[in-house]
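To keep things clear, I will list the structure first and then write my remarks on it.
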Number of protein chains: 2
Amino acid sequence: MNPTQILNALISENLVSDPNGARGRLLKEAARLFRDKGYERTTVRDLAAAVGIQSGSLFHHFRTKEEILKAVMVETIRLNTALMQAAMDAAATSRDKLRALVRAELESVNGQTGEAMAVLVFEWRSLSEESQAEVLELRDIYEQLWLDTLQALRDEGRLLADPFVVRRMLTGALSWTVTWYRPERGGLSLDGLTDQTMAMMGFAPEH
Amino acid sequence: MNPTQILNALISENLVSDPNGARGRLLKEAARLFRDKGYERTTVRDLAAAVGIQSGSLFHHFRTKEEILKAVMVETIRLNTALMQAAMDAAATSRDKLRALVRAELESVNGQTGEAMAVLVFEWRSLSEESQAEVLELRDIYEQLWLDTLQALRDEGRLLADPFVVRRMLTGALSWTVTWYRPERGGLSLDGLTDQTMAMMGFAPEH
DNA sequence: GTCTATAATGGGATAGAC
DNA sequence: GTCTATCCCATTATAGAC
């Protein structure tokens, strides 16, 4: 399954909103605004204006502003878990699985879903504690993909450090790319950045 | 010079506030509140209450709330630049210099100045653009320490990736430790975490 | 399902007494 | 240098018409 097919499957299961529908469009604009200005500095008027309605009308679709933030996060995690699973399944060796995971996370962070991923990282504290707990459960699913792969490399003697620590270091390193990586300005491609990440860990690119 | 001597030197030069003075105490409480609740969700009433005064009295010390955020960031960078420079000067080889930098940044992020460092990372967008520019200039000084060290390792063939990319990856990885690393809960010491970081890059610990 | 109008609250900042 | 009192404004959310 390619990325488009995965997205369509999730939409038909009602796990993520159709980006062409009213709800999906709002969530997309919300992700952009939350990333650019931060959740607190984005007003419901901003959100409404972004989809061309009045602020009062927003509350027909969502009960509170926070519900919008939560929906952005939940749908983003669902989509990216599916994408990451698919990327990993297509790889054969542990090294290639790790590369696939790094590539997929960089794609999530810097591609189509980049705005929503940045929100997930930087607006975490704006979510109520109850919502945080719900979202954390979803996150655990795809964290396990990483840990299994890193443990395999460790067993093969190709990784010197603790898989748990490495995953957390990589979470920070890869998320942080949203603050500086600008593929459109020429320079490094997404594959190039993936190679650099692997090289930092001592995995030379294949030739 | 040990860390305490460095701090005292900076205080006597008026580059950072005395943590026992009124201003220093407020900045310390502000860092804690900004990290815990975020800048936007922290009110001037919260800030005033944390040091036992009324909100109106705050504006005798700072003209605006944003000025407090900026002061937290500026003083933190000044202190950490000095600490990092000292840590690096004490090391002989490139590998040891890198280890010293990693150790110093982990100490900054997770030690006494940890709250302020977290603010620097997560509240960046709350700073006005003019203030961002000022703070960025200060940051460039210590970024150069990293780049020089990483370039030396690269020249020695001990680092496979681009120094520039590696520094940015490490910025993310090390900053992110504030979200999960809890030294007090037993487990990993700061030196242990430093070793893990080096190991992730293929540098085995000395024995 | 969107509009207009507005309620209700909480925020940053100021003024002047002490 | 801190207090009390308060201004002024922006914000989230609601109500009821269309």
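Only a predicted model underlies this, so the values are computations on that prediction, with no experimental measurement involved. We name chains A, B, ... by the order of the sequence lines, and we start the count at 1 in each one.
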Residues A/R167, A/E105; criterion salt bridge (Lys or Arg N to Asp or Glu O under 4.0 Å); working and verdict: CA-CA 12 Å; A/R167 169 52 185 156; A/E105 192 147 300; 3.2 Å; yes

Axial bend angle, the helix from C/dG1-D/dC18 to C/dC18-D/dG1: five-pair end segments, nearest 10°: 0°

Salt bridge (Lys or Arg N to Asp or Glu O under 4.0 Å) assessment of B/R125 paired with A/E123: CA-CA 12 Å; B/R125 281 170 320 173; A/E123 303 301 332; 2.6 Å; yes

Between D/dT11 (P) and A/L47 (CG): distance, integer Å: 11 Å

Atom-to-atom span, NE2 of B/H60 to P of C/dC18 - whole angstrom: 19 Å

Exercise: do A/D140 and A/Q144 side chains pair donor with acceptor under 3.5 Å: no

Lys/Arg-Asp/Glu bridge criterion (N-O < 4.0 Å) met for B/R25, B/D18: no

Separation of D/dT12 C1' from A/F62 CZ (nearest whole Å): 16 Å

With 3.5 Å as the limit, what N/O pairs link the protein to nucleotides 11-15 of chain C?
residue: C/dG12; atom: OP1; partner: B/K65; partner atom: NZ; Å: 3.0
residue: C/dG12; atom: OP2; partner: B/V44; partner atom: N; Å: 2.9
residue: C/dG12; atom: N7; partner: B/R45; partner atom: NH1; Å: 3.3
residue: C/dG12; atom: O6; partner: B/R45; partner atom: NH2; Å: 3.3
residue: C/dA13; atom: OP2; partner: B/K65; partner atom: N; Å: 2.9

Rounded interatomic separation in angstrom, taking CD1 from B/I53 and C1' from D/dA5: 17 Å

Short N-O contact, A/K65 and A/E40, less than 4.0 angstrom: no

Closest contact, heavy atoms only, A/L190 versus A/N110: CD1-CB, 4.3 Å

d(CD, B/Q54; C1', C/dC18) in whole Å: 15 Å

Ion pair B/D195/B/R99, N-O distance below 4.0 Å: yes

D/dT2 phosphate, OP1 or OP2, under 4.0 Å from B/H61 side-chain N/O: yes

Lys/Arg N to Asp/Glu carboxylate O, B/R32 vs B/E29, below 4.0 Å: yes

